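Written out below as structure tokens is the structure these notes cover.
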Number of protein chains: 2
Amino acid sequence: MTEDDGSMKFAPADAAPRRATAMDVARAAGVSRSAVSRAFSQTAYLDTDKRDHIRRIAAEMGYRPNALAAGLNRTRSNLVGIVAGDVGNLYDAQLLSRLVSGLTAAGKWPVVLDGSVGADRLVATDIFAYPLDAMIVRGGSVDPVMVDTCAKLHIPLVFLGCVVDAPAVDSIVCRNAEGMARIADLLLNRGRRRFAFLGGPAQWASQQQRLQGLCDALAQAGLQLIATESADFSHQGGAKVARRLLQDHDLDALVCANDAMAIGALGVARHDLGLNVPADLSITGFDDVDMASWPCFDLTTACNPVEETVAGVIELLEARLATPSAPSRRIQIDAHLVRRGTH
Amino acid sequence: MTEDDGSMKFAPADAAPRRATAMDVARAAGVSRSAVSRAFSQTAYLDTDKRDHIRRIAAEMGYRPNALAAGLNRTRSNLVGIVAGDVGNLYDAQLLSRLVSGLTAAGKWPVVLDGSVGADRLVATDIFAYPLDAMIVRGGSVDPVMVDTCAKLHIPLVFLGCVVDAPAVDSIVCRNAEGMARIADLLLNRGRRRFAFLGGPAQWASQQQRLQGLCDALAQAGLQLIATESADFSHQGGAKVARRLLQDHDLDALVCANDAMAIGALGVARHDLGLNVPADLSITGFDDVDMASWPCFDLTTACNPVEETVAGVIELLEARLATPSAPSRRIQIDAHLVRRGTH
DNA sequence: CTGAAAGCGCTTACAG
DNA sequence: CTGAAAGCGCTTACAG
């Protein structure tokens, strides 16, 4: 009964309205489809007046060249996958956030994937149906199935947190052992002798390196760890295991594999066990997340610098895209000591 | 000099190796391109043996249908933009993380954008060149330019944190005023009378509603706020402004607009000013981030439930995609009281 | 300087 | 049941 009836046959109410295409703009502007395409190209020749005219009409119609269609003709999609780490982990959350900003600034669009589902399931999803320019994986251990899948699809990989030896796979890692040795030396110089290590999950390469760095530094001083236990890198897990360690052993230094667990341990030591940190006991972290500097924690830790890491990822990415066949690279980042109030 | 010389003319070392296409698989399997396409379609007819044969060869070659090319023929790209909030903010970080998981589970791939650059700049980027199925915006206030841009491109919008009245734009918000009234009632019942409000940036709709809810509840008790100040929703900002408020006024209740600021205020009150919380002073937050439940904080707050919010976003999204022309919807989420140790 | 045409990799009516 | 062809929206040699 309305005036729309005629057209409704062709455009039912529930159809998604179509986005304007170059053809639509060409018709509206009275030019060819090619001219519209050229109006949005940096390199193509087109009369300035004509270009302005086309762009004005396009703006009115809300037209933008469809990147998916354009991508078919190009070699790049500008889409980059990020397999996020455990975002409950504060360091991983900060890293992800900065990575998103860094990639955006580099002209790439980050498609964020939930790494907690595991590589097997990830590989089975249709994210690999998209011609990603690269995949960035944050994780503590290598996923061979991920490496294989990306290799077959010619998707360059950047691993963030562990080293992978495969063609077109680059890595960026922290010098964990050296960072931990700095912490150990600080504590040894302060006179600490009874050390325990509160570690993370064993499959994390960084966890093993941090433990190794600690053990080596202690060995040089003729000491060894009194106890070693593992938690899940979380605040809660750290608190729980720290309680056991502190109750079962007479310690003067509790070295934790990351800040979140150290902060959990700090709460247990001070509030539950009534220990005086740092008078009776040193507690240290690793990473230097934002929270470590809060006055209520003031945590002594080793800084795993996020900005530098992200800059490294971007550098690896751009080099790899420029030269797909280049040999694999590994960037190592120094973790410097951050002396605060808990050692 | 090597046997490869002949082919190198056509494939220079630095060209990105090409991904296998349906044509490549067709040749290898001795079938038509159409057959390959059908082998990967749920609905198309294809002899079972032939399908198995094609899929086996495809697996060997690492072939997957290119989603970008397929997307040209479909109405959906399965790409969804997320304009992330301030990820330094713990609540926003949790929300983003859960949103990524929720969208992935719903078969959508989240492209994460850095909201801190501002809508004007975002709209100018070429992310809108991609035919996004939808855009999810986390933010405290409306960006008209974002709404206009999405409308022209027929990209449905979901606002998360403020209500927008425009066609094909849905919203999901917390019942901020009611949540804050619950906190106020709790404190009034406990006998508090001298209230101050530590708010967030004025342009955030949620901030205004939280303030309003507090004022109304106080008015009903014949009271009004002694002081109101604003910070930036951060821990550090909250600490700084809380110090001023507590030094300048004789308060028995400091109501904060979010948890991060409340935790900052808690540190200042207890450690710097030597106040006894909750004996002398109540401090409350809003959101109930993970950290609020840590024993060292044990913050009384109102829970702004992340899971429920994410479920609501997904529901709005799916309904909108199913019926693009449906009237705009608004979902409201209840913020329930979480009584802990700081009131 | 600009239009018509071919091609990017896929899907899907259309014939057979 | 399956192949050849048209079309999705774009870019870019190729002619003019």
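Bear in mind that the values here come from a model prediction, so they are computed numbers and not experimental data. Each chain gets a letter, A, B and so on, in the order its sequence line appears, and its residues count up from 1. Computation of the quantities below employed the complete heavy-atom set of this structure, encompassing side-chain atoms and omitting hydrogens, waters and symmetry-equivalent molecules.
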Determine the Euclidean distance between corresponding P atoms of dC10(D) and dC14(D); express it in Å to zero decimal places.
-> 23 Å

Nearest-angstrom distance, C1' atom, dT12(C) to dG16(C) = 16 Å

For the pair made of [atom1] in [X] and [atom2] in [N], what is the distance, rounded to whole Å?
X: Leu153(A); N: dG9(C); atom1: CG; atom2: C1'; value: 15 Å
X: His154(A); N: dG9(C); atom1: NE2; atom2: P; value: 12 Å
X: Met23(A); N: dG3(C); atom1: CE; atom2: P; value: 11 Å
X: Arg51(A); N: dT2(C); atom1: CZ; atom2: C1'; value: 13 Å
X: Gln42(B); N: dT11(C); atom1: CD; atom2: P; value: 12 Å
X: Arg33(A); N: dA6(C); atom1: CZ; atom2: P; value: 12 Å

Nearest-nucleotide wise, let me know which of Ser34(B) and Leu68(B) is further upstream toward the 5' end of DNA chain C.
-> Leu68(B)

Do Lys108(B) and Asp133(B) sit within salt-bridge range, that is, some charged N less than 4.0 Å from a carboxylate O?
-> yes

Out of dT2(C), dT11(C), dC1(D), minimum distance to the side chain of Asp47(B) belongs to dC1(D)

Among dT11(D), dT2(D), dC10(C), the one nearest any side-chain atom of Arg38(B) is dT2(D)

For [N], does OP1 or OP2 lie under 4.0 Å from any side-chain N or O of [X]?
X: Lys50(A); N: dC1(C); value: no
X: Tyr63(B); N: dC10(C); value: yes
X: Tyr45(B); N: dT11(C); value: no
X: Ser37(B); N: dT11(C); value: yes

Side chains of Ser101(A) and Asp114(B), donor plus acceptor under 3.5 Å | yes

Quick one: does NZ or CZ of Arg55(B) land under 6.0 Å from the six-membered ring centre of Phe40(B), within 45 degrees of the ring axis?
-> yes

Quiz item: cation-pi between Arg38(A) and Tyr45(A), 6.0 Å / 45° | no

Across every strand shown, the nucleotide meeting Watson-Crick or G-U wobble geometry with dT2(D) (both distances under 3.5 Å) is dA15(C)

